[in-house]
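Worksheet: the structure to be examined is printed underneath.
Just so you know, ligand 1 is whichever comes first in the structure, and atom 1 is the first atom listed for that ligand.
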Amino acid sequence: MTGSRNGLRSGVRHATKPAPRSGSTVSRRDVLKTGAAVAAGSALPLTHSTTAKAAKKSEPNPMRLWYRRPAEEWLEALPIGNGRIGAMVWGGVETERLQLNEDTVWAGGPHDYAVEGLEVLPEIRRLIFEEKWKEAQNLADEHFMGRPTEQMQYQPVGDLVLTFPGGTEFADYYRELDLTKALTSVTYTSGGVRFKREAFASHPHQVLVVRLTADKPRSVSFTATFTSPQRTTVTPVDHRTLALDGVSGDAEGLTGSVRFRALARACAEGGRVTTDGTTLAVEAADAVTLLISMGTSYVNYLDVSADPKPRAAAPLDRATTTSYTVLRSRHIADYKRFFDRVDIDLGTSDAVTLPTDERVPLFREGRDPQLAALYFQFGRYLLLSCSRAPGQPANLQGLWNQDMLPAWQSKYTLNINCEMNYWPAGPANLIECYEPLFQMIEELAESGARTARVMYGAPGWVAHHNTDGWRGSAPVDYAFYGVWPTGGAWLALSFWDHYRYTGDLDTLRTYYPVIRGSVEFFLHTLVEDPKTGWLVTNPSHSPEIGHHEIDDENVSICAGPTMDMQILRDLFDAFSSAAELLGRDPGLAEQARTARSRLAPHQIGAAGQLQEWLEDWEESRLIQHRHVSHLYGLFPSEQITPRRTPELAAAARRSLELRGPGTSGWSLAWRINFWARLEDPVQVYDRLRALLSPGKTAPNLFDLHPPFQIDGNFGGLRGIIEMLMQSHSGELSLLPALPAEFPTGRVRGLRAHDGFEVDISWRDGSLHHARLTSLLGRRAVVRARTAVEVIAHGKPVPVERPEPTVVSFTTNKGASYVLRPRRRDDAASESATT
Ligand code: FUC
């Protein structure tokens, strides 16, 4: 294949045509012989192999994203990241663009958004209870909002652009992101030389590394320079190092105060390296290791006084004295420690030989189960790449953003998006990815304590529907969106989630005061609904949904929306369990339990739906919307389950039907999880198919709201887990919502509550074999779709069978237990003897 040096014209475009549906002049073997399936994949018919074994060892690594041409758009570039710094790598031939991010570059500076509110709070509450919602919402817009009313933007550092000399022709282009090693690479032939570039973000060395090689000596030449949409200067530091210095943008009257420095250093083997003004030049080297380091002045949300220069220089200098081989091998070893905990096979087909961007439009045809497995592992790759300490939590775009004014400021939206980002952390066996989030919540509890005082006159802490690098915790945007006090409570449940997967009491003890602070806030601010006597939040709303249209004004403001009640039930439960485990605060725990019992209960409305508000307002029953907040109780919570609360589960199903199929990427992802909890594999797959479609999944597999928003990647990953394994309500369920499209497969290394690691294999839609490894020695209660027997050390384990397909047994710490379908004769002989 030959294309122009931009890689975007004739030959290359032709090569991206979708595969014909049938007929083939190229054998599959021929394609695979090329290793990367560079040339002929598009000539293959797609056949779906029903056995997971179809991917043979000799075939190329299926856990890779790959392309036949350089990225033309940002959404075709490939992300690398180490939890703190990252890049989008374009893989160009004439130029290479590395779009750079450091995750503390926020517009504005330390700022307390909470300035007023307490004076109008009683009046807002009164108006709401009198159903004068419009007046209440307007008053909140005037005096119950943060100042400024918009939070700050997460912003880019800039680009490092490499320009290569040479002719305009190239051939045999191949670009990939290998998820098994967290490496992106590009190879092509130009002017008779085969070039290769490899790039990764090293966590151990805290630098980005680009290695440029060629198959002929003295062939690596390029110039490099920084560009940036920020206020920056570019200067040479020494003969091989270029610096970009800048400061984050001003916004909403706040002066940009995050100073940053990016450094690029070319370590060449052979040839000559020089810097001149704003350019770094490499001439006729045999190979080059290009190191990129970034540091900022951000210490924490209150302090931006650090000097970015040594912060950027230290990792760069350390990496400079380390060989490329060592940088690479340490990176891969570090990454694999996490990534290799889980693997997955949902079956395969010839579609795996197609470039990734060609597979997305074809997924709907149902013959590419491996794309779902790739999406699953890509989600794990992304979480590891954007949420590791030291670093900030995953924001709306993880950490990858090229815009000064990104959508929704690329901040942390707390009424679904930020929490969704962490849904896979426990079950996808990446629990360490929670660390940056925990730090943010702890800081938010400090900022939120001021907001609680200033706006509610309350103890404890509160956060509303968004936060940013400055840990804004007051309501923002408009009252319609912002006056929602349960964002912090939802976040505080992350600590409990962590405990449930790990049994780690030390971490629970560390963050227990944050959970308690949230409880204290609500014990103080819950008010009695005059009609029913129930305890309710007021003011609040069901996220982003208007319940009435009054004089052309949509009002969301209300008291006691269902979601708040559900979150607070979970918060009070988590707190009283944590207090008991840690032997703390018995009195406060008792108060929390009493308050819990007085919260407004679930109610079923006239359409059979789960009520979203205290009242069953007729006009709001039929709203179709991306938000389905009142089903928080179904997922991620476990307050509603088909077995324990069948009536509520039926009402939740009805609500889902009424709310419509979902629009944004994240709303599809949430629906996958809802339907999985309702154990409806047909709906589950239907929503997965909608998520893995071109409007919702970019060529680089980033989730599209649209635009890019990373929550759908993480919610989608969790949704695939929920199909295969669920862990809630005191039991672990195997294959609860397995779609017919994944008849045969296996997964290894999922994490369940109570410290179980879970491997499952299935054939023709039925459980073949499962293995539980007990990390905490707790009792296992396992539900399967068939009766199972449990074996340890080759011997049957005595079990209780509370239901025919449920086994309950004690486990020993560190031991593994095999579960397999009970043979008929075993079951018969047991019943004959009992
Ligand atoms: C909420 C959602 C939007 C978007 C934004 C970041 O406001 O309603 O769809 O995801 O967060």
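- The structure places OG of Ser637 at 8.0 Å from CZ of Arg677, a figure rounded to the nearest 0.5 Å.
- A perpendicular orientation is assigned to the rings of His111 and Tyr113, their planes being inclined by more than 60° (bins at 30° and 60°).
- Remark: the backbone N or O of Ala676 is not paired with any side-chain donor or acceptor of Asp680 at under 3.5 angstrom.
- Contact atoms of ligand 1 toward Leu396: 6 (C) (distance under 4.0 Å to a heavy atom of the residue).
- Interface atoms of ligand 1 facing Asn417, defined by a heavy-atom separation under 4.0 Å, are 1 (C), 10 (O), 11 (O).
- Nearest to atom 7 (O) of ligand 1 among the protein's heavy atoms is Glu544 OE2, 2.4 Å.
- The proximity of Trp666 to ligand 1, defined as any non-hydrogen pair under 4.0 Å, is limited to the side chain.
- Without hydrogens or angle criteria, Trp400 side chain to Ile80 main chain gives a donor-acceptor distance under 3.5 Å.
- Every N/O-N/O distance between Trp408 and ligand 1 stays at or above 3.5 Å.
- For His627, a nitrogen or oxygen atom sits less than 3.5 Å from a nitrogen or oxygen atom of ligand 1, counting backbone and side chain alike.
- Taking every heavy atom of His705 and a limit of under 4.0 angstrom, the matching atoms of ligand 1 come to 3 (C), 4 (C), 9 (O), 10 (O).
- Gln397 and Gln709 share no donor-acceptor pair across their side chains, judged by distance under 3.5 Å alone.
- Side chain of Tyr154 to backbone of Leu399: a donor-acceptor contact under 3.5 angstrom is found.
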